[in-house]
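Any value given below was found using the heavy atoms of this structure, including those in side chains, with hydrogens, waters and symmetry copies removed. Not measured: the values here are computed from a predicted model.
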Amino acid sequence: MSKINITFPDGAIKEYEQGITTRKLAESISTSLAKKAVAGKFNGELIDYDQVLNSDGSIEIITKDSEDGLIVLWNTAAQILANALSDLYPEMKFGQGQATEHGFYFDTDNQAGQVGEADFEKITAKMNKIIKQNLKIEKVSYSKDEALALVANDPYQKELVNDLASANSGQVFAHKQGEFLDFSNNVVLPSTGAVKVFKILSVAGAYWKGASSNPMLQRVYGTAFYKQKDLDVELVRREEAHERDHRVIGNKLDLFFVDPKVGAGLPYWMPNGATIRRTIERYIIDKEVGDGYEHVYTPVLANLDLYKQSGHWDHYREDMFPPMDMGDGEMLELRPMNCPSHIQVYNHHKRSYRDLPLRIAELGMMHRYEKSGALTGLSRVREMTLNDGHTFVAPDQIEEEFKKILQLMVEVYNDFDVTDYRFRLSYRDPKNTEKYFDDNEMWEKSQKMLKAAMDDLNLEYFEAEGEAAFYGPKLDVQTKTALGGEETLSTIQLDFLLPQRFDLKYVGADGQEHRPVMIHRGIISTMERFTAYLTEMYKGAFPTWLAPKQIEIIPVKNDLHFDYAAKLKNKLSAHHIRVSIDDRNEKMGYKIRQAQVNKVPYTLVVGDSETANNTVTVRQYGQEDTKEMSQADFIAMFSKDIESYSRQETK
RNA sequence: GCCACUUUAGCUCAGCAGGUAGAGCAUCACCAUGGUAAGGUGGGGGUCACCGGUUCAAAUCCGGUAAGUGGCUCCA
């Protein structure tokens, strides 16, 4: 028998018999390691614990307490779920199942009646039985024909077997636990017993292979851990995520509401939410004006012909509200994007190269007919106001302008203390080019240009095909919502096409007419989405500059201290501070609590001492200690807080 | 749009082997005048999402519509 060389993570290389497994390697190292080990990682790829090794390579032993260890556990739990379901519903067809970010799922299709939440108890019991039996999970190999015969009654599995076979020259692997066969390349535990604790969480529809043209399967979600404690932590995490949800906080702090009677996806901003929004709007307009942008106001309605010329009508129609027929031949359209409006601004004058870069910006209200199932609180709505801007540049100014926009973005993110994001270069889908403007050269050119700029700036990014706008590629900034969903916040998009469609020109230094390039950019997204994002990021405890109410004044005794409180309030109001007095007939402790629950940044208690000394006793949100200080000192502290925006380093 | 589930007072929810509604918080009134996270008593408030069906009788069972939630697809 021949020997193979195995490299360990510490760099050590040892010789073993060919056919050794991760299990044997782990056992040869130490029994404590073998006890924790659940799988291997050979040359960087996860493998089953008992997968035989036949060639030289590097090995990493995957233990229960690692991230990969959880993936293996979740893959296994998914398989056990499918096994249980196949026992409970013999007619059930199966899609795919695997680990997710925080658990696992399996796709199912039961014509006699889809799986519902009412079935969870039954499913859990059956899974527990399978786990208790500690069934051995073996990897078995089949020829394509053998495998197809085994799944003859299941069209999805047949398709999967065909896919697997063509990816692996006719050979198909399956994991066998008991009678159940799972055709997939998922790496799983050697037996079912190690899935100690799990919970079936929810069901949801999911299209077969993720294509909306395919039938919809029922996806059963769950999560699992090696220890009960870890499951408890995960369940608490999920609950806390829900409490951070902007819809929950938005309701508690009275920021906004959506009333189905007046329209889904059409949010109403209550005074508290409106204050936050107004503050953000003032901030970003000032910031942009300072950065060379010219802010404009343009109409939300325009003749439909504008959107025919721009191409929106051809490429974006399903997201647009139907046109309004005015009865005299005129068709008006609610705008879904602001770019055509800003093009009108550009075209209103004859432009010279001396005008470029011309930066037109607007908090532009737009309407998009989002599918009903996509609507979510403030983060996905049908009427939205975008922090929009279009810069018109000469071709040789693209890179510099791109960098300038990125710089602005970084500054704004710092001011709001947004730190958790990643860059995504969004290209068109090369397999589905009819969705986009048909100009291969433009796409190639602009995609390359974006990538080069990012590389030049030494910024980390990932690339995503099929995420481009229909008129051009984008640099997107991706963030996460409280519930883990990914959303685009900022975006910078190169556009060579709209200038062409609208025949945009500028007179160059040579006296000849040239075509400008447009850069579409949004720094803080829409007011709706950004407010939702901030609400979740700050957990409703808005930094002082954004907080709807910045200061609550609480007189110790209304009749004795109200006058002093009122004078104080007037003084603070004169500094444009959002302040109020809680003079309800309640105990002080009650009012303090209310101020904390409502996440008011500063609570000022005034009683005998304060009245006598012209001071305030300050309590900051989330802190228990208090401090008495002069009014002047407090105002100075407060002003410093405001001036630092949300920045942490200055706090 | 699709799949599953949900919709009861301003908010969070209970009630559901069918017999026309409850709690806590909020709100209002009165009492209590309190130094850093909920003082007491009492009152008001709901055509149980909407439309239809079954039934002597529907918040409760069935169907439809709308909206919401979790996802999928799509997206700022």
Side-chain angles (χ1 to χ4, degrees), chain A residues 100 105 107-109 113-119 201-221 242 245 247-248 251-252 254 257-261 263-265 316 318-319 336-338 364 366 368-381 384-388 435 466-467 469 474 476-477 479 483 485-491 520 522-530 532-533 554-561 585-597 603-610 617-619 623-626 628:
Chain A
T100 63
Y105 69 83
D107 285 347
T108 67
D109 186 13
Q114 301 292 3
V115 176
E117 282 168 28
D119 305 313
L201 294 167
S202 60
V203 289
Y207 295 108
W208 168 236
K209 291 190 163 176
S212 58
S213 51
N214 282 340
M216 178 157 276
L217 310 180
Q218 275 302 104
R219 180 167 292 182
V220 183
Y221 284 93
H242 176 68
D245 190 318
R247 289 165 295 184
V248 174
N251 193 24
K252 275 189 185 147
D254 207 17
F257 69 89
V258 183
D259 184 348
K261 285 195 280 296
Y316 203 70
E318 63 176 33
D319 288 301
M337 293 187 192
N338 305 311
M366 337 181 280
R368 296 184 183 174
Y369 190 75
E370 296 292 339
K371 290 179 185 138
S372 59
L375 301 173
T376 307
L378 276 184
S379 53
R380 199 74 186 276
V381 292
M384 68 216 87
T385 299
L386 183 65
N387 163 230
D388 209 355
K435 264 174 69 185
E467 297 291 345
K474 317 187 277 179
D476 292 322
V477 179
T479 53
L483 298 182
E486 191 164 77
E487 270 175 350
T488 303
L489 214 55
S490 306
T491 179
H520 307 239
I523 302 296
I524 55 171
S525 174
T526 61
M527 294 308 123
E528 289 75 12
R529 179 168 291 181
F530 194 60
Y533 178 76
I554 299 178
V556 174
K557 272 178 83 161
N558 281 337
D559 51 356
L560 291 182
H561 309 124
N585 283 330
E586 295 291 348
K587 295 195 92 159
M588 228 189 79
Y590 178 86
K591 296 183 191 176
I592 299 276
R593 180 169 192 278
Q594 289 294 305
Q596 293 295 309
V597 167
T603 302
L604 303 183
V605 171
V606 293
D608 288 339
S609 162
E610 292 80 1
T617 296
V618 183
R619 172 168 172 159
Q623 295 181 10
E624 298 208 353
D625 55 321
T626 61
E628 187 170 345

Taking the C1' atom of each, how far is C11(B) from A76(B), in whole Å? 30 Å
Could you give the distance separating G43(B) and U60(B) at their P atoms, to the nearest angstrom? 30 Å
Looking only at atom P, what distance separates A4(B) and U47(B), rounded to whole Å? 32 Å
Using the P atom as the point on both nucleotides, what is the distance between A29(B) and G44(B), in whole Å? 15 Å
Between T526(A) and R529(A), is there a donor-acceptor pair closer than 3.5 Å when you use the side chain of the first and the backbone of the second? yes
N or O in side chain of R219(A) less than 4.0 angstrom from A4(B) OP1/OP2: no
Is a donor-acceptor pair below 3.5 Å formed from side chain R368(A) to base C74(B), judging by atom type as modelled? no
By nearest atom, which of the nucleotides A76(B), G34(B), A37(B) is closest to the I592(A) side chain? A37(B)
For G70(B), does either OP1 or OP2 sit under 4.0 Å from a side-chain N or O belonging to R247(A)? yes
Around Y369(A), counting heavy atoms of other residues, nucleotides and ligands shown, do more than 12 lie under 6.0 Å from its OH? no
Could you give the distance separating U69(B) and U12(B) at their P atoms, to the nearest angstrom? 12 Å
Given that both distances must come in under 3.5 Å, which nucleotide forms a Watson-Crick or G-U wobble pair with A67(B)? U6(B)
For nucleotides 11-13 of chain B, give me every protein contact, N/O to N/O, under 3.5 Å, one pair per line with atom names.
from: C11(B); atom 1: O3'; to: N251(A); atom 2: ND2; distance (Å): 3.0

Counting only distance, no hydrogens or angles, is the base of A76(B) paired donor-acceptor with the side chain of E370(A) under 3.5 Å? yes
Determine the interatomic distance between P on G22(B) and the same-named atom on A57(B); round to the nearest Å. 23 Å
Can you tell me whether the side chain of Y207(A) and the base of G71(B) have a donor-acceptor pair closer than 3.5 Å? no
Counter-base of C30(B), judged by Watson-Crick or G-U geometry with both distances under 3.5 Å: G40(B)
Kindly say if Y590(A) contacts the phosphate of A26(B), meaning a side-chain N or O under 4.0 Å from OP1 or OP2. yes
Do T526(A) and A76(B) share a donor-acceptor pair, side chain to base, under 3.5 Å? yes
Measuring to OP1 and OP2 of U36(B), would you say a side-chain N or O of T626(A) lies under 4.0 angstrom away? no
D245(A): partners by salt bridge (Lys or Arg N to Asp or Glu O under 4.0 Å), with sequence neighbours left out: R247(A)
Please determine whether a side-chain nitrogen or oxygen atom of K209(A) lies at a distance below 4.0 Å from atom OP1 or OP2 of C72(B). no
Name the residue closer to the 5' end of RNA chain B, choosing between V606(A) and T488(A) according to the nucleotide with the nearest heavy atom. V606(A)
Whom does C61(B) pair with, Watson-Crick or G-U wobble, provided both distances fall under 3.5 Å? G53(B)
Does any donor-acceptor pair link the side chain of E117(A) with the base of G70(B) at a separation under 3.5 Å? no
Mate of C13(B) where both pairing distances stay under 3.5 Å, Watson-Crick or G-U: G22(B)
Name the residue closer to the 5' end of RNA chain B, choosing between T617(A) and G265(A) according to the nucleotide with the nearest heavy atom. T617(A)
